[in-house]
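Since the structure comes first, as structure tokens, the remarks are kept for the end.
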Amino acid sequence: MEGWEKSLLALLLNNIKISKKMFLIYLLAVVIPIVLTNLIIIHSIRENENIQQNKLMEITIERMKYHLNESLNEITEVSNYISRDMKINEFLQKKYKDNVDYYSDYISLIQENIINSFYVSQALESIEIYTTNPTIVNGGVFWDLRAVENTDWYKIYKENNQNMILYPYYEENKQFPPKLESSRTISFIRELPNGNNGYKSIVKININYYRLLANIKNEDLSNTIVIAYKDQIIFSNHGSENKNAMFRPLESNEKPAFNLSDSFLAINDRWDIYISNNQTNIFDLIENKKTVLLVLIIFNFLFPTLIILLINKSFQDRIALTEQHLLKVEKGIFERININEGKDEIGDLIRSYNFMVVKIDELLGEVYKKEREQQKIELAKTKAELNALQSQVNPHFLYNTLDSIRMRNLLNGDKESATVINELALLFRRMTKWSDSYFVTVEEEIAYVQRYLNIQKYRFVDRLNFSIYVEEECKAYYIPKMLILTFVENACIHGIEKKKDGGEISIIVSKQDEAIYIEILDSGIGMDEKRLMKIKESLEKNDITTSNWEESTGILNAYLRLKMHYQQEVELVMESQMYNGTEVCIKLPII
């Protein structure tokens with residue numbers, strides 16, 4: 001029965017206009033309570049004021065602790081993510097051959113947005129990762145640990161003998177890394193796990209000092225709040241905060257002036273919070289002024305009326321505008337509410353709505369972008385398949401014709417021509433079986449290449465020499481079919497054939513750092529810088545349609561196939577000089 005009565009009351013209140021609700025609030029919560037309780041309040045407030053102030057100050061302290069712990073938890077979570085992230089760990093532990101190798105991995109790491117995604121945390125100002133890896137180049141997020149071994153913050157970290165610390169410090173002239181926004185810095189320092197190469201790495205996350213200070217300054221100015229670390233004032237909600245001023249010490253004679261104090265554990269150290277109430281007790285001022293008290297009582301009836309009318313207007317205007325925009329959302333129209341939202345719950349609701357609209361627009365844009373990228377990949381894949389189909393001829397007719405020619409040469413005693421024709425027939429038969437399997441072993445691919453080069457050797461005679469070296473371990477690994485053959489064919493036709501005195505082709509297949517390296521080198525005619533840059537541009541864009549060089553179509557088609565299968569794990573480097581030949585190096589993950 002009681003639940004039914006509550007539901008009925010809620011239903012009745014929900015059907016009453018806000019203006020009438022405000023009148024009921026005025027009548028029931030202002031007029032009647034003032035008449036009945038004013039005298040009691042005046043008598044009792046004096047006794048309870050200190051208790052209430054202490055409670056408010058305790059709540060303020062707890063709120064400060066909550067805000068600070070929340071920010072520290074955000075920073076701790078970021079450090080945990082960095083500590084667990086295998087890509088960052090592999091990046092820090094890798095031995096880079098040169099700056100080009102380093103920047104290639106660095107750009108890949110940045111493009112995957114691994115680091116930038118941490119800046120979603122508002123408590124974070126910057127991330128610095130220091131390592132003893134001598135092959136890492138200073139800049140951006142990563143720095144040489146040895147360059148900061150003499151800094152105060154690093155010495156403090158070493159002296160603590162703890163995995164992680166939170167340390168506020170002042171550094172007037174920051175030389176390394178480049179100076180942040182202010183000389184006042186609060187840093188979270190943590191050691192990262194060592195990798196295979198044993199390089200030591202630490203992450204230093206600089207906390208947004210002014211964001212934390214803003215939370216404290218937003219507190220009621222009737223209270224003086226001081227947060228100290230080892231008797232140094234780190235934050236205070238009174239007085240000017242000069243970002244280039246040193247932290248002021250908290251003198252021992254200042255502590256008794258605070259009403260309450262507490263401490264909390266920030267990572268591994270204790271921080272202290274002091275608070276005092278500066279508000280003057282208004283009841284002490286009017287205790288002997290009964291006339292003033294009477295005027296106040298009368299004023300208490302008039303002023304709430306005006307306030308409730310103003311509040312009612314504030315509610316109605318903003319709620320009505322929000323309702324209009326929500327109706328537009330039902331129609332698929334997402335518009336921001338352009339109004340001074342205010343700082344109350346309705347303002348929070350409007351800000352949440354605006355935030356939702358922005359996020360929806362961003363998500364719609366990302367979905368559209370991903371759809372376009374997927375369509376582009378599918379189109380490129382289809383084009384690659386069409387190019388492959390266009391390169392095929394009728395396999396049975398061609399093979400039977402070549403076999404007939406081979407038999408005729410055997411009958412005529414021309415064994416050399418018959419052998420070459422047999423190699424050609426076997427090569428064509430294997431090349432035309434596109435749908436059999438996408439992958440072949442390195443050993444099988446080299447066999448195809450050997451047949452092809454034997455045929456070209458028969459054609460060029462003394463103008464072509466070749467050598468093939470394959471590490472024994474690599475022979476059983478799988479690679480895309482016709483991968484090496486495509487580049488060898490390009491070297492023969494566009495390199496050796498165009499050079500009057502011919503040249504040599506070398507093929508090297510080796511394993512290094514859990515990857516297969518395939519190198520095709522020729523001493524042919526080579527190419528000029530303009531043509532080389534055009535081909536590299538086409539490779540970078542992963543688009544076969546961007547090149548007008550017919551000679552590079554096979555290379556671009558092969559690279560497109562690699563990118564579609566291996567994504568970012570494949571690397572292709574091409575170097576060439578006019579009259580000095582061409583070098584191609586392909587790096588693939590081991591399968």
Side-chain angles (χ1 to χ4, degrees), residues 72 74-121 123-169 171 173-181 185-208 267-268 512-515 568-569 571 587:
L72 294 178
E74 290 182 19
I75 298 301
T76 304
E77 285 300 317
V78 171
S79 75
N80 289 338
Y81 190 97
I82 294 174
S83 178
R84 294 191 301 264
D85 193 280
M86 295 301 298
K87 291 185 177 180
I88 295 179
N89 184 266
E90 291 173 0
F91 179 86
L92 292 171
Q93 295 298 321
K94 180 178 178 181
K95 294 181 179 179
Y96 298 97
K97 295 179 292 185
D98 50 29
N99 290 351
V100 174
D101 186 21
Y102 170 77
Y103 281 118
S104 176
D105 283 11
Y106 180 84
I107 291 172
S108 176
L109 190 69
I110 296 301
Q111 286 178 344
E112 292 179 5
N113 209 23
I114 295 175
I115 300 298
N116 293 335
S117 61
F118 300 140
Y119 285 90
V120 174
S121 170
L124 188 150
E125 183 176 10
S126 65
I127 299 175
E128 302 161 11
I129 299 177
Y130 297 88
T131 179
T132 58
N133 187 343
T135 63
I136 283 184
V137 181
N138 282 330
V141 176
F142 302 96
W143 303 87
D144 190 339
L145 179 61
R146 293 166 295 184
V148 295
E149 288 180 343
N150 294 323
T151 60
D152 291 338
W153 63 264
Y154 184 77
K155 292 178 180 178
I156 293 295
Y157 171 72
K158 295 295 291 181
E159 292 172 0
N160 270 269
N161 292 322
Q162 294 176 346
N163 183 51
M164 61 183 73
I165 67 168
L166 182 71
Y167 179 60
Y169 62 97
E171 192 172 358
N173 296 313
K174 289 189 176 179
Q175 299 295 331
F176 187 83
K179 187 173 182 180
L180 298 175
E181 183 179 353
T185 306
I186 300 178
S187 297
F188 174 88
I189 308 166
R190 175 178 183 171
E191 184 171 356
L192 298 178
N194 293 336
N196 296 332
N197 290 325
Y199 295 127
K200 179 180 178 181
S201 301
I202 65 170
V203 59
K204 178 171 174 279
I205 304 176
N206 298 311
I207 300 175
N208 192 324
I267 311 301
N268 293 318
Q512 182 179 354
D513 296 331
E514 300 303 320
Q568 301 301 321
E569 296 183 88
E571 293 181 17
K587 176 185 175 183

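- Of the inter-residue distances, the one linking S79 atom OG with R84 atom CZ reads 8.5 Å to the nearest 0.5 angstrom.
- With rounding to the nearest 0.5 angstrom, the CD1 atom of I136 is 11.0 Å from the CG atom of L145.
- Within the 4.5 Å cutoff, side-chain heavy atoms of E128 are placed close to those of N206.
- Remark: S83 engages R190, L192, P193 in a side chain to side chain contact (heavy atoms under 4.5 Å, CB included) (not counting sequence neighbours).
- Rounding to the nearest 0.5 Å places CD1 of I75 at 9.0 Å from CG of N208.
- In this structure, I129 CD1 and I205 CD1 are separated by 8.5 Å, a value rounded to the nearest 0.5 Å.
- Nearest heavy-atom pair across A515 and K587 is CB-CE, 3.8 Å.
- Of all heavy-atom pairs between N138 and W143, the closest is OD1-CA, 3.1 Å.
- Contact check for T151 versus Y169: no side-chain heavy atoms found under the 4.5 Å cut-off.
- Counting only distance, with no hydrogens or angles, the side chain of Y96 and the backbone of F91 share a donor-acceptor pair below 3.5 Å.
- Partners of T131 under the side chain to side chain donor-acceptor pair (under 3.5 Å) rule, at least two apart in sequence or in another chain, are S201.
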Side-chain donor-acceptor distances from residues 99-107 under 3.5 Å, at least two apart:
| unit_1 | atom_1 | unit_2 | atom_2 | d |
| --- | --- | --- | --- | --- |
| D101 | OD2 | K97 | N | 3.2 |
| Y102 | OH | V137 | O | 3.3 |
| D105 | OD2 | K94 | NZ | 2.8 |

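- Under the 3.5 Å distance criterion, the side-chain polar atoms of E149 are left unmatched by any main-chain donor or acceptor of Y154.
- By the 4.5 Å heavy-atom criterion applied to side chains, F188 and T76 are counted as neighbours.
- Residues forming a salt bridge (Lys or Arg N to Asp or Glu O under 4.0 Å) with D152 (at least two apart in sequence, or on another chain): none.
- A search for salt bridge (Lys or Arg N to Asp or Glu O under 4.0 Å) contacts involving R146 returns D144, not counting sequence neighbours.
- By the side chain to side chain donor-acceptor pair (under 3.5 Å) test, N133 pairs with T135, sequence neighbours left out.
- Scanning for side chain to side chain contact (heavy atoms under 4.5 Å, CB included) contacts around Q512 gives Y517, with sequence neighbours left out.
- Using a 4.5 Å cut-off on side-chain heavy atoms (C-beta onward), I127 and I82 make contact.
- Heavy-atom minimum distance, E125 versus I207: OE1-O, 3.5 Å.
- Minimum interatomic distance between K158 and K200 (heavy atoms only, all atoms of both residues): NZ-NZ, 3.0 Å.
- Between W153 and I189 there is a side-chain heavy-atom pair separated by less than 4.5 Å.
- A search for side chain to side chain contact (heavy atoms under 4.5 Å, CB included) contacts involving Q162 returns N160, I165, N268, not counting sequence neighbours.
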